[in-house]
*Asks:* 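Following this message is one structure expressed as structure tokens.
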There are 2 protein chains.
Amino acid sequence: MSSTQVRPSQREAQKARTRRALLDAGLSLLEHQSLSSLGLREITRAVGVSPAAFYRHFRDVADLGVALVEDSLGALHGVVTSGLAERSEDGDRIDHSVEAIAAFVREHPEHIRFVVRERRGGVAAVRVAIGAQLDRFADEVAQVLADDEISRDWSADDLRMLGETYVDHMVMTASAFLEAAQGEGPDEAAVARTARRQLRLISLGRRHWTSTD
Amino acid sequence: MSSTQVRPSQREAQKARTRRALLDAGLSLLEHQSLSSLGLREITRAVGVSPAAFYRHFRDVADLGVALVEDSLGALHGVVTSGLAERSEDGDRIDHSVEAIAAFVREHPEHIRFVVRERRGGVAAVRVAIGAQLDRFADEVAQVLADDEISRDWSADDLRMLGETYVDHMVMTASAFLEAAQGEGPDEAAVARTARRQLRLISLGRRHWTSTD
DNA sequence: GCAGTGGGCGCACAACTGTTTACTGAAGTA
DNA sequence: TACTTCAGTAAACAGTTGTGCGCCCACTGC
């Protein structure tokens, strides 16, 4: 089996560059529409490349969409795990989490928009890809939570449920920050406040949890 | 000012029938795609009507989308308020709420799919319409919660936040039920169990809530 | 240096899109 | 009965779409 080349050879470096351009153009074109209405020619036109060139990189637009999922959630992955790892007193932890989400949205708004929009979007393959990634997040969060003193006698099942809850809340909050950034809905401070209070609500429920059924 | 006719005159009855047909066809075509990729001709073809006839009823496809929002969330509106009004012991109330959502999804899957998909979808006007409706839901839920003994000394602000939390949770749960119905993800029973436990978590947090900041 | 690989191009193709136009004919009005 | 209204039609418009074909030519490995 041939491993990946150590010296990328400017041929495939160029190929990778075009691929990136296609991905970037696609992502930015998705600001005002959804993937299922994004045209192949639209993308190549934005990059300045012939339509036929597209097929050298992706089977179709949906395929590019799947690639974008890895792109978008890969970056978030690092933030979540490293952010959760650092532990501190409860209130601070909530503040830091919310601020981390806010910062990520500020830095990568298009990625967040893409994920949030296509999570329930019209392209099945992309929906599945996003779902799988978020499932992984939920697992990892549950893993971290398991080491907390509070959830000493929680069942794996309950922990998993809690992990899902946190991930869903994270996505919702990110989406709300995004809307705030583009002037729709409440402003960033208000979103942050709501998010913090919701997390406090969950945190309280967590402290008084008793496993049944 | 001329009021709406009491005797609908078969002319406008026919018009209304075509309009309904367009709405229904549109909704069912949205099962496997999103609104921004739904074509005007696609709809009229499904109804068996000429493309130009579409303009007698809607300005464009986005306009039809907005009409679909009223259609979809109007039905849900009755369920939510009447369902919440009946009060009982805490556990039962959770069970009933979750079952009510499950039942609604079973009866109107396409409506739920539409709302969930287009809530963050590519058509701004539709996003706004859905957001406004869900905001109203949140208000109403907060209103009902205000009369609970538990939230005796809650601020209006905290109640509103809790209302949003419940509405978001409802939408998420409905979406999960929908996925279950079409074989993706966990089955209906598992979704219901998760939803119940999440509600119990929130309920616990609620009982121990103390307003700060 | 030379044969071979492969990313990108230009062009053509048929199929489709949204929108406008002038029209028809049934239903409503007086 | 004669006159108006208007939902729906048919046809044409200029653009656009995805995809396949053969060709080029900078780069690669020998």
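Treat the numbers as computed from the prediction; the structure is a model and nothing was measured. Reminder, nothing fancy here: chain letters follow the sequence lines and each chain counts from 1.
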*Asks:* Which whole-number value in Å describes the distance from A:Phe54 CZ to C:dG10 C1'?
*Replies:* 19 Å

*Asks:* Nearest-nucleotide wise, let me know which of B:Pro51 and A:Ala53 is further upstream toward the 5' end of DNA chain C.
*Replies:* A:Ala53

*Asks:* Measure the distance from CG on A:Leu40 to P on C:dT17 and round it to the nearest whole Å.
*Replies:* 18 Å

*Asks:* Do B:His77 and B:Glu140 get their side chains close enough for a donor-acceptor pair, meaning under 3.5 Å?
*Replies:* yes

*Asks:* Taking atom C1' of C:dT5 as reference, at what distance in whole Å does atom CD of A:Glu12 sit?
*Replies:* 13 Å

*Asks:* How close or far is atom P of D:dA7 from atom NZ of B:Lys15, stated in whole angstroms?
*Replies:* 4 Å

*Asks:* Rounded to whole Å, how long is the line connecting atom CG of B:Leu38 with atom C1' of C:dC16?
*Replies:* 15 Å

*Asks:* How long is the line joining NE2 of B:His57 and P of D:dC6, in whole Å?
*Replies:* 13 Å

*Asks:* State whether A:Trp209 and B:Arg200 meet the cation-pi test: NZ (Lys) or CZ (Arg) under 6.0 Å from the six-membered ring centroid, and within 45° of the perpendicular axis.
*Replies:* yes

*Asks:* Please confirm whether the shortest side-chain N or O distance from A:Gln14 to OP1 or OP2 of C:dG7 is below 4.0 Å.
*Replies:* no

*Asks:* As a test of reading the structure: which of D:dT28, C:dG8, D:dG8 is closest to the side chain of B:Val49, going by heavy atoms?
*Replies:* D:dG8

*Asks:* Taking only side-chain nitrogens and oxygens of B:Arg41, does any of them come within less than 4.0 Å of OP1 or OP2 of C:dA15?
*Replies:* no

*Asks:* Using atom CZ of B:Arg45 as one end and atom C1' of D:dT9 as the other, report the distance to the nearest whole Å.
*Replies:* 17 Å

*Asks:* Scan B:Arg19 against the nucleic acid and name what it touches under 4.0 Å (heavy atoms): base, sugar-phosphate only, or nothing.
*Replies:* nothing

*Asks:* With a non-hydrogen cut-off below 4.0 angstrom, is A:Tyr55 in contact with a base, only sugar-phosphate, or nothing?
*Replies:* base

*Asks:* Any heavy-atom pair between the side chains of A:Leu23 and A:Leu68 that's under 4.5 Å?
*Replies:* yes

*Asks:* Could you check how far CZ of A:Arg59 sits from C1' of D:dT19, rounded to whole Å?
*Replies:* 14 Å

*Asks:* If we count only N and O atoms by modelled type, under 3.5 Å, do the side chains of B:Thr165 and A:Gln198 hold a donor and an acceptor together?
*Replies:* yes

*Asks:* Taking donor-acceptor contacts at under 3.5 Å, does the side chain of A:Arg11 reach the base of C:dT5?
*Replies:* yes

*Asks:* For A:Phe54 and A:Phe58, take the angle between the two ring planes, folded into 0 to 90°, and tell me which bin it lands in: parallel under 30, tilted 30 to 60, perpendicular over 60.
*Replies:* tilted

*Asks:* So does A:Thr18 get a side-chain nitrogen or oxygen closer than 4.0 Å to the phosphate oxygens (OP1/OP2) of C:dG8?
*Replies:* yes

*Asks:* Please state whether the base of D:dG8 and the side chain of B:Arg56 form at least one donor-acceptor pair under 3.5 Å?
*Replies:* yes

